[in-house]
**Student:** 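Got a structure here, written out as structure tokens. Questions coming.
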Amino acid sequence: MNDGFEARFQDALSTLVSTRAPDSDDVRATALNTLTDLILESARIGERRVPAHFAELMQALLPRVAPHVRETISRRLAPCDLISVDIARYFIAETSEIASPMLRLSPVLTSDDLLHAATGDCVEKARAIASRSDLTADTLFALVERRDPVIGTSLALSQTQIIDEALAERIAAIPNLPRVAARRLIGLAELSDAALSQLFWLVEEDARRDLIERIMSRRGEGTRTDEEPRKANDASADTQLGDALFALAAVGDRAEIAKRLAGALSLPRALGARIVGDLQGDALTIGLRAAGIGADRATGIILLTVTEAGRSYNLLRTLAGLAEALSVETARFVVDLWARQEAGDRPAARHAPAVARPSARPQRATGTAPRKLEDVVADISQRTGS
């Protein structure tokens with residue numbers, strides 16, 4: 001772009017803005033796009049300064065064009081360091097669609113600008129800055145405090161060097177993080193047992209075993225080898241509960257398994273159902289060991305309850321190995337952490353009801369008692385002839 005053209009361009013736009021009344025939206029949009037081209041071209045050829053009246057011209061024209069034009073200009077100028085901070089601030093004060101490109105990329109925004117977006121009312125603007133690598137500690141803390149999984153994922157996957165173990169711990173506590181973010185956090189920091197137990201539900205099989213092995217190692221335990229004797233408590237751990245759960249597993253009554261396991265471990269019913277319904281089987285293995293059920297009996301229950309374990313010998317062998325390696329104390333420790341997290345994630349009641357109303361559900365007739373365990377066992381024995 002030669003000097004003659006630039007001079008003519010500046011004269012034409014100066015005349016346009018001085019009238020304050022361009023003929024049409026097309027003229028204004030054309031003027032802004034041409035001005036944007038000139039700024040980007042100046043940055044490309046290495047110029048470090050744009051004449052001050054360019055900023056004045058852009059500020060005069062931007063309010064007079066349609067939002068989609070401002071969004072396009074924001075996206076084009078976002079990575080450019082030749083625009084003034086006033087222009088950048090004009091864009092970030094707009095709607096999230098217009099502000100987000102500038103918030104995500106602009107090098108001219110200050111740390112105060114970013115902190116304001118992190119603490120503002122618009123979550124989309126906060127999400128836009130979460131992937132930046134130049135965030136201060138205050139801004140990072142403000143973002144984490146929003147407890148937004150999209151923000152948590154951006155922070156976990158970003159290249160920000162300031163994310164230390166304490167901040168990683170807080171990110172790990174954000175609910176509903178995706179698997180990729182959980183895996184990144186596990187490799188990023190030496191997380192506490194509480195954080196590891198929460199991330200357990202978010203990652204796949206191999207990462208789960210790594211988490212449990214970390215917790216076991218910290219508690220002075222390790223994977224049992226073939227040369228090591230079986231734990232003493234395994235020999236006496238086949239309790240009445242283990243027999244009951246095995247009988248229920250044989251008839252496929254997962255709901256009752258969840259109910260009884262939750263009762264034995266003093267867990268919320270929802271957590272008991274989550275443990276039994278987990279498709280990978282690790283959670284059930286830990287829950288059974290926490291209830292004091294021996295490795296052999298636990299393996300039988302897993303075989304009958306976890307669908308994939310019944311199809312894959314390798315998975316069944318892995319879960320059986322976990323049951324043997326995991327002590328009752330460590331399993332109970334992990335389950336207690338799950339219970340605390342479940343209680344912490346549960347929303348508080350909005351109010352206490354003033355009057356206890358009768359249930360709308362029909363009452364069960366007194367003559368139809370629930371099926372007893374003894375009846376279930378007898379039914380199995382009759383079917384199998386044992």
Side-chain angles (χ1 to χ4, degrees), residues 197 200-201 208 212 215-216 219 221 224 229-310 315-343 364 369-386:
S197 65
F200 171 91
W201 298 102
R208 284 184 167 194
I212 297 302
I215 294 174
M216 292 170 61
R219 295 173 61 84
E221 299 179 14
R224 188 183 71 86
R230 178 175 294 188
K231 295 179 179 65
N233 61 0
D234 281 353
S236 58
D238 291 328
T239 62
Q240 182 179 2
L241 175 64
D243 294 338
L245 296 184
F246 182 81
L248 292 168
V251 296
D253 195 345
R254 298 186 183 185
E256 186 65 20
I257 293 174
K259 176 183 175 182
R260 290 180 182 253
L261 190 60
L265 296 173
S266 300
L267 301 177
R269 288 279 186 89
L271 181 55
R274 187 180 190 184
I275 290 172
V276 174
D278 186 69
L279 299 178
Q280 300 185 44
D282 309 81
L284 179 58
T285 305
I286 295 169
L288 293 173
R289 293 296 291 131
I293 298 172
D296 287 344
R297 178 60 84 194
T299 301
I301 297 170
I302 292 165
L303 174 64
L304 295 171
T305 306
V306 180
T307 302
E308 191 59 32
L315 176 59
L316 180 61
R317 183 176 59 182
T318 299
L319 295 175
L322 176 61
E324 292 210 4
L326 190 62
S327 70
V328 173
E329 293 76 16
T330 296
R332 182 72 218 205
F333 174 73
V334 173
V335 169
D336 286 344
L337 290 175
W338 289 344
R340 286 181 217 160
Q341 291 154 5
E342 180 89 2
R364 179 183 294 172
R371 196 179 188 195
K372 296 182 179 179
L373 174 63
E374 293 78 8
D375 297 335
V376 174
V377 175
D379 186 37
I380 295 173
S381 299
Q382 183 177 4
R383 293 181 185 179
T384 60
S386 59

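Everything numeric in this text was worked out from a predicted model, so none of it was measured.
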**Student:** Supply the atom-to-atom distance Asp296 CG to Glu324 CD, rounded to the nearest 0.5 angstrom.
**Tutor:**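 Interatomic distance, Asp296 CG to Glu324 CD, rounded to 0.5 Å: 6.5 Å.
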
**Student:** Taking Ile301's backbone N and O only, do any of them form a donor-acceptor pair with Thr305's side chain (distance below 3.5 Å, no angle check)?
**Tutor:**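 Yes.
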
**Student:** Give the C-alpha distance, both sets of side-chain angles, the deciding distance and a yes or no for salt bridge (charged side-chain N to carboxylate O under 4.0 Å, His left out) between Asp336 and Arg340.
**Tutor:** CA-CA 6 Å; Asp336 286 344; Arg340 286 181 217 160; 5.3 Å; no

**Student:** List the atom of Arg297, the atom of Phe246, and the distance in Å for their closest heavy-atom pair.
**Tutor:**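 Closest approach of Arg297 to Phe246, heavy atoms only: NH1-CG, 3.3 Å.
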
**Student:** Closer than 3.5 angstrom, by distance alone: can the side chain of Arg269 be matched with the main-chain N or O of Ala262 as a donor-acceptor pair?
**Tutor:** no

**Student:** If you take all heavy atoms of Leu241 and Ala291, which pair is closest and at what distance?
**Tutor:** CD2-CB, 3.8 Å

**Student:** State, to 0.1 Å, how close Arg289 and Gly294 come at their nearest heavy-atom pair, and which atoms those are.
**Tutor:** NH1-CA, 3.8 Å

**Student:** Check whether any side-chain heavy atom of Gln280 sits under 4.5 Å from a side-chain heavy atom of Leu315, and report yes or no.
**Tutor:**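 Gln280 does not reach Leu315 side chain to side chain.
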
**Student:** Please report the closest heavy-atom contact between Arg254 and Val276, naming both atoms and the distance.
**Tutor:**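 Arg254 and Val276 have their closest heavy atoms at O-CG1, 3.9 Å.
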
**Student:** For the atom pair CG (Asp282) and CH2 (Trp201), what is the distance rounded to the nearest 0.5 Å?
**Tutor:** 9.5 Å

**Student:** Identify the two heavy atoms, one from Val328 and one from Ala290, that lie closest to each other, and give their separation to 0.1 Å.
**Tutor:**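 Closest approach of Val328 to Ala290, heavy atoms only: CG1-O, 4.0 Å.
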
**Student:** Should Leu267 and Val335 count as side-chain neighbours, where that means a heavy-atom distance under 4.5 Å?
**Tutor:**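 Yes. Closest side-chain heavy atoms under 4.5 Å.
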
**Student:** Can you check whether Leu288 reaches Ile302 side chain to side chain, under 4.5 Å on heavy atoms?
**Tutor:** yes

**Student:** State, to 0.1 Å, how close Ala270 and Glu342 come at their nearest heavy-atom pair, and which atoms those are.
**Tutor:** CB-OE2, 3.8 Å

**Student:** Check whether more than 12 heavy atoms from other residues, nucleotides or ligands sit under 6.0 Å from atom CZ of Arg219, and answer yes or no.
**Tutor:**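 Above 12, so yes.
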
**Student:** Find out whether Leu316 and Thr299 are in side-chain contact, i.e. whether some heavy atom of one side chain is under 4.5 Å from a heavy atom of the other.
**Tutor:** yes

**Student:** Within the 4.5 Å heavy-atom criterion, are Leu279 and Glu308 side-chain neighbours or not?
**Tutor:**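 No; the side chains remain at least 4.5 Å from each other.
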
**Student:** Check whether any side-chain heavy atom of Arg274 sits under 4.5 Å from a side-chain heavy atom of Trp338, and report yes or no.
**Tutor:** no

**Student:** Is any side-chain heavy atom of Leu319 closer than 4.5 Å to one of Leu284?
**Tutor:** no

**Student:** With a 4.5 Å limit on heavy-atom distance, are the side chains of Ile286 and Phe200 in contact?
**Tutor:** yes

